[in-house]
Amino acid sequence: MAIVQSSAGGPAHTSLPSQTRRTLLKGFAAAGAAVSIGSKIARAQGEIGFWAQNLPNEKLIDMYSTILRIRWFDRTLADKQLSDRSFRNLIHLYCGQEAVATGVCAALNNKGPFEEIDVIFGTHRPTGHAIAKGVDMKKLAAEYNFKATGLNRGYAGEMHLADKSVGYIGADGIVGPAAVLASGAAFAFRARGSKQVAVVFGGDGTYATAAFHSSMNNAALLKLPFIYVVENNLYHQFAHYSYSCPMKDIATAASMYRVPGWVVDGQDVTQVYNKMKDAVDRARAGEGPTLIEAKTYRYYAHWGAPGAEVGKLGSFGYDPQAITSWRPERELRDWLQRDPVDIARNTLISWGVIDQAKASAIEAAVRQEVKEAFDWEAQQPLCKPEDALKNVFVEGTVAARQFG
Amino acid sequence: MAIVQSSAGGPAHTSLPSQTRRTLLKGFAAAGAAVSIGSKIARAQGEIGFWAQNLPNEKLIDMYSTILRIRWFDRTLADKQLSDRSFRNLIHLYCGQEAVATGVCAALNNKGPFEEIDVIFGTHRPTGHAIAKGVDMKKLAAEYNFKATGLNRGYAGEMHLADKSVGYIGADGIVGPAAVLASGAAFAFRARGSKQVAVVFGGDGTYATAAFHSSMNNAALLKLPFIYVVENNLYHQFAHYSYSCPMKDIATAASMYRVPGWVVDGQDVTQVYNKMKDAVDRARAGEGPTLIEAKTYRYYAHWGAPGAEVGKLGSFGYDPQAITSWRPERELRDWLQRDPVDIARNTLISWGVIDQAKASAIEAAVRQEVKEAFDWEAQQPLCKPEDALKNVFVEGTVAARQFG
Amino acid sequence: MASKSSMYAMYEAVQHEMRQRKDMTWIFELTPAVASNPGTPVINLEKEFGRTRVTNTGIDEMWMAGATLGAGLVGTTAVTYIPYQGSQIPFEIIQNHAGKLRYMSGGDSTMPVVFIIEISGQSPGFGGQHSDYEADSYYAHIPGVKVVIPSRPYDAKGMMASAIRDPNPVVYLFPQGLRQLSEEVPDEQFTVPLDKAAMRTTGNDLTIVGSGAGMTMVLDATDQLQKAGMKVEAIDLRSLKPMDTETLVKSVQKTKRLLTFDQSYYTLCPGAEVIARVAENVDGARYKRIAFPDAPPPASPEMFNWMRPNAGHIVAAAKKFIA
Amino acid sequence: MASKSSMYAMYEAVQHEMRQRKDMTWIFELTPAVASNPGTPVINLEKEFGRTRVTNTGIDEMWMAGATLGAGLVGTTAVTYIPYQGSQIPFEIIQNHAGKLRYMSGGDSTMPVVFIIEISGQSPGFGGQHSDYEADSYYAHIPGVKVVIPSRPYDAKGMMASAIRDPNPVVYLFPQGLRQLSEEVPDEQFTVPLDKAAMRTTGNDLTIVGSGAGMTMVLDATDQLQKAGMKVEAIDLRSLKPMDTETLVKSVQKTKRLLTFDQSYYTLCPGAEVIARVAENVDGARYKRIAFPDAPPPASPEMFNWMRPNAGHIVAAAKKFIA
Ligand SMILES: Cc1ncc(C[n+]2csc(CCOP(=O)(O)OP(=O)(O)O)c2C)c(N)n1
Ligand SMILES: Cc1ncc(C[n+]2csc(CCOP(=O)(O)OP(=O)(O)O)c2C)c(N)n1
Ligand SMILES: [Mg+2]
Ligand SMILES: [Mg+2]
């Protein structure tokens, strides 16, 4: 548990509503303890930026709304999986990690021609990455239920989402390779002299894969505009990350490649944004790659919502898949004390960006937006079977072979 | 060329014959500068062992003879490639690196039942590894010329040698994977509670492969009796290792895995032995893996003897393959100043183990031994074509399919 | 004797051999080294044999296969269970090392190892990388490894026992479609040969050849066809390499009609090899192939279920064939 | 117009396309980005286009292929040259990502990339891992990638031009046996289709089908057989996926005799797919396969040269066939 305490060491009271800027700053300090190594490396490079404090109110409100969209979208998925057989989603829920995707994408260009926007490569746990990058929730809901009008016309389902129009190159169901692909995108950006940045989200599980060494080493050698965001939620499937990685902070691995490796409190969107902005600035300035390890946690099981209850956040119950699960219930309860939604809301309130009433109004609007997305999805048509022979290649269709 | 100077920084006079123990120790000190990081890590662990000084004379003489066997065996191969079409060897020459294989294997158990001896996994540059581990030179010469009585019956040629009887699990023509296999051997040793140690030799080129991360990470996680010997001869094929690796000393990569990484002067057999003995002791004591980076150099081209002359050591001339070669002639001349044969001979003489006359007698005997190996080889029969269908599986033969 | 799932039956074979061989190892990843089955004792390899013999580390299938091979090279019988998501990641280790080291060393190296390579269950909804059934052909083209694929719990146990005892590297393909199957399987250890196809039914009208998870559909269709009065010879390949040519040729010499069924992609599916071997040896026979189209599996159940070969496809094709 | 080696002809196509596309990239490893040929200007991609577009790093073929794919995904035309020693290391990247990302994204992703996968020259002396000819079947079973293999300098250039312009990922198999071949190749850019087999000779007695480096032996044997009065239809597959079934079927409908020739291992060699496709569509034809046995290549020249399929084997088999 040492890892958990030190990475989520922020005091529980940071999530109390009646919080003032002063106590919040204490909160940062405490969380700071968690990110010691990361921020030491950062300071050594003179990076003391606390950029979030200078963001315009709309942007801060937008970040808060994004966190809420991800939260309510996935809570809806969880509830539907438990209660609504008409919705056929097979899903790895992102709840608990919202501040990571939101803080990361808030520091990127997400609008504009494909030749100019920044790109992200995601994982099998895609809702947060997709929504934070700007994917339309209606199409997302439809894709999760395999509809012909879904984001990817029903071909993708959950694990293979992609939306070029917002620079979401996509989810990938295989753990690891996306990092190599992302470093290749960065290679292309450098070759064409563009200022674009390529980001890969990878779980703590990706550290052990060949792709980790390959992408970090080559991005370092070629000084590529590449950012590796490790979402360390402590588990790969049912195994604690200490089974996969010999050190406490995966970020320290970056130093081997002479690349900055920063640990950040993944539950606090402003801290994630601060570090990400430094990394993006480095990349655009041609200073090469950065690795950011966000300490975070998933509230549900590795896959789906076993052990969860409709209307309640998180899986506390038994997960039939987790025969060798090492996830103690109290670990989850600890993390719930530092919920990314609460932290973001309290930050904005304490900064005087919004008040409690406005916060509630925003949340109500987001929940309505999510509801409309799923209502829309419910009206959408199923896929035409024969379409399965399309999209193998850009042109034409392949032959049916199942009939002999 | 900073890398070269700092890694081969030993003064040229260490290779002068009239050398005394005192000036030799200066030599160590100077070479010490080259291995700063490695030895700092070592000292931090209280490993100040200068074990070679305590070895019995026979052992020291045996190490010197082994270096000479490798040297003259490969010089013979080089000369034959240039002059004797009846000898059909296709070879990556080891000359210049003799002290690495010799010092490493001198610290291992090379005799005894297969369940007890230490094992090594080698590379496509195998002569040194094979001879140092104890492979018979006659069978080796016959294998290199594809004879039915060769070490591997003519199936292996150069790049796939193996000799279980001495724990030489074998050469492998693919750069990288052998490290993973070796860590698996170490895993088996731990599982069966044996004190055996598994060693992999890997060139500087192996650092960039997936196998490097995979073998180091898993050996560290499971504390395996595994030793990764990086023979950094500065080049992978025609590219300097700085194209492949972002740091000066590959050994520093070990720290990422919380594994000791030591740099050693690969031209000095006693220094290689010292570090290797520390690593072997760690492994047998259950303290886990070690990475040793030996700074060394190959005197010939990457492959074969282009640009060499019969009777002369090293390739100074044009290598038709090396369209983008970065190997300057003066770099080679520098390294020849710190020749592993000279250094070993001078050490033994200055230690009073042998005198100049004895040294010459040993060398003459080795050259005779090598000559006899090749004379024997010349008498050996060629392979029977149909035998090509054997040894695919332990039992039986596979069907011929080339006749239709 | 009790009804056992394929998974449980396979683990029974492994448990038995690990009890015989004190140094035998098992490397797993996300598939716990545990199998349970109604009415039989839980098998927990990790608990019974300890973490030094039964281990999981990170997500690194290349290491799982390479370490298993390395263990075999130093005399340890070793098995690894590669999940389908990583089923092609150790490909080069098996193709260039497991398949070649014995031959290249002129017989010096021995590798008593088993690579259990999962093949996905082809379930609708998971999409391209998690519903694919394709590893069979990739691995069967490799020389120097035996490539087998059980189709039922009995063979899952018997072939695993044989694979572990075989001194050669064995790729044991384990299709997740089998997970649902249960049948009576003896408690004591027994072996099933690694080089013999199994004749599941005999008949003179038509030969149908399949393997692995596809056999369920083949047998279901055969049943329907027999009921319709057609005499079908249903053959389960069981071993893709070596392939039991004799059994195939004998059957088609009799029936003169060969229909192959694969869940693998059409181009270079196992059925292509079956047809080629028979066509080289039998004159005047006729041939048909049913396979998954040359496309990745789509996520949408509507598209996937239409595309995936099934028993109905076999019945229809067989009737056309005979007519 | 001048006589050019396959390597040079291929580099000519690359150079031309890189001049058109200012962002196109080339990742190499140990094969310098340089081609020279008597009487024609040296092509040095690295010098002409600079290190940010033409680059080499360490020994990491997975990165070479994965980075090339990633570049394609963000709109850059990208090519990588994978040496034969690493030809299976990027397998999973091509199988699970290049082949599936467009389909899985419902058409959202486009990958205008070319993976040049070298196949060894099958030279005696190098042994199991450096004389093998096997990648053709592994890659041809993958859906979603086009898999082509030239057999002569003219096609090496024309098919590379087509591959670079094709918006789909293309696996361009490049057998080192071709390095020795030279022929007249136009200086200006031209294309050769990626989905059509080439009829090298026509005749009614026998159809011989080969591909890649094997075509040299096929044409040599065809020559001898024609001289002996046998009318041979020699077909060069050129594209393994998609495979030009129509050309194959038409030919065997006429000749009723099909002999396939592969340097790849017998089991699941391209010839197996050729025979299966024809056998499904032609009745009463006869079939024979010549291929490398299911064994790694031995180092010994005596063993290797006996084992490796050659023109003599074709001539002998053809005569038995007709007799
Ligand atoms: C190469 C590979 N091996 C195994 C799997 C099966 N798998 C899916 S998710 C997962 C765990 C991933 O853990 P992590 O990277 O930490 O991401 P998280 O699930 O925690 O978000 C595994 C092992 C896979 N998808 N790919
Ligand atoms: C995976 C792989 N890629 C490429 C090659 C071709 N190759 C053979 S040796 C070599 C260079 C190896 O360099 P290094 O590891 O430093 O060993 P050295 O030759 O210097 O002894 C290369 C690239 C190979 N054998 N394997
Ligand atoms: Mg995780
Ligand atoms: Mg080297």
Side-chain angles (χ1 to χ4, degrees), chain C residues 61 85-92 95-97 99-101 103-104 106 127-129 132 134 137-138 140-144 147 240-243 258 260 264-281 283-289 292-299, chain D residues 61 85-92 95-97 99-101 103-104 106 127-129 132 134 137-138 140-144 147 240-243 258 260 264-281 283-289 292-299:
Chain C
E61 293 82 7
Q85 301 96 327
S87 53
Q88 265 66 247
I89 286 177
F91 187 74
E92 197 271 345
Q95 168 262 340
N96 243 344
H97 306 272
K100 294 176 176 176
L101 288 176
Y103 189 82
M104 295 193 301
Q129 296 167 329
D132 63 326
E134 56 189 287
S137 292
Y138 300 136
H141 185 56
I142 300 175
V147 180
L240 301 178
K241 173 167 262 167
M243 193 177 274
L258 172 58
T260 64
S264 203
Y265 309 121
Y266 180 76
T267 299
L268 286 164
C269 62
E273 180 63 25
V274 169
I275 291 175
R277 285 184 183 228
V278 171
E280 283 186 84
N281 293 288
D283 287 344
R286 289 176 51 228
Y287 305 90
K288 259 274 143 270
R289 258 194 295 179
F292 200 92
D294 286 318
Chain D
E61 293 83 8
Q85 301 96 328
S87 53
Q88 265 65 247
I89 287 178
F91 187 74
E92 197 271 346
Q95 169 262 339
N96 242 344
H97 306 272
K100 294 176 176 175
L101 288 176
Y103 188 82
M104 295 193 301
Q129 297 167 330
D132 63 324
E134 57 188 286
S137 292
Y138 300 135
H141 186 56
I142 300 175
V147 181
L240 302 179
K241 174 167 260 164
M243 192 177 275
L258 172 59
T260 64
S264 202
Y265 309 120
Y266 180 75
T267 298
L268 286 164
C269 62
E273 181 63 26
V274 169
I275 290 175
R277 286 184 184 228
V278 171
E280 283 186 85
N281 294 286
D283 288 342
R286 287 175 51 228
Y287 305 90
K288 261 270 147 272
R289 261 194 294 178
F292 200 92
D294 286 318

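Below, all heavy atoms of this structure are taken into account, side chains as well, without hydrogens, waters or symmetry copies. Reminder, nothing fancy here: chain letters follow the sequence lines and each chain counts from 1.
Highest contact tally toward chain D, considering only Asp294(C), Thr260(C), Ile275(C), Thr267(C), is held by Thr267(C) [criterion: heavy-atom pairs under 4.5 Å]. Interface summary for chain D: among Arg286(C), Lys241(C), Gln95(C), the most heavy-atom pairs under 4.5 angstrom belong to Gln95(C). With chain C as partner, the option from Ala299(D), Gly284(D), Ser137(D) having the largest number of non-hydrogen pairs under 4.5 angstrom is Ser137(D). With chain C as the partner, the residue from Gln129(D), Met243(D), His141(D) showing the most heavy-atom pairs under 4.5 Å is His141(D). Note on Ala285(D), Pro296(D), Gly106(D), Pro298(D): by heavy-atom pairs under 4.5 Å with chain C, the leading option is Pro296(D). When each of Lys288(D), Gln88(D), Glu280(D) is checked for heavy-atom pairs under 4.5 Å with chain C, Glu280(D) comes out on top. Heavy-atom pairs under 4.5 Å with chain C were tallied for Gly99(D), Cys269(D), Gly271(D); the largest tally goes to Cys269(D).
Looking at Pro297(D), the atoms closer than 4.5 Å to chain C (heavy atoms on both sides) all sit in the backbone: N, CA, C or O. For Leu258(D), no part sits under 4.5 Å from any heavy atom of chain C, backbone or side chain. Both the backbone and the side chain of Lys100(C) come within contact range of chain D, judged by heavy atoms closer than 4.5 Å. Using a 4.5 Å cut-off between heavy atoms, Asp132(D) touches chain C through its side chain atoms alone. With a threshold of 4.5 angstrom between heavy atoms, Tyr266(D) approaches chain C through its backbone and through its side chain. Only the side chain of Asp283(D) comes within contact range of chain C, judged by heavy atoms closer than 4.5 Å.
When all heavy atoms are compared, the tightest approach of Gly128(D) to Met104(C) is CA-SD, 3.5 Å. Across all non-hydrogen atoms, the minimal contact from Tyr103(C) to Ala295(D) is CE1-CB, 4.4 Å.
Relative orientation of the Tyr138(C) and Phe91(D) rings is perpendicular, given thresholds of 30° and 60° on the angle between their planes.
Within the 4.5 Å cutoff, no side-chain heavy atoms of Glu92(D) are placed close to those of Glu92(C).
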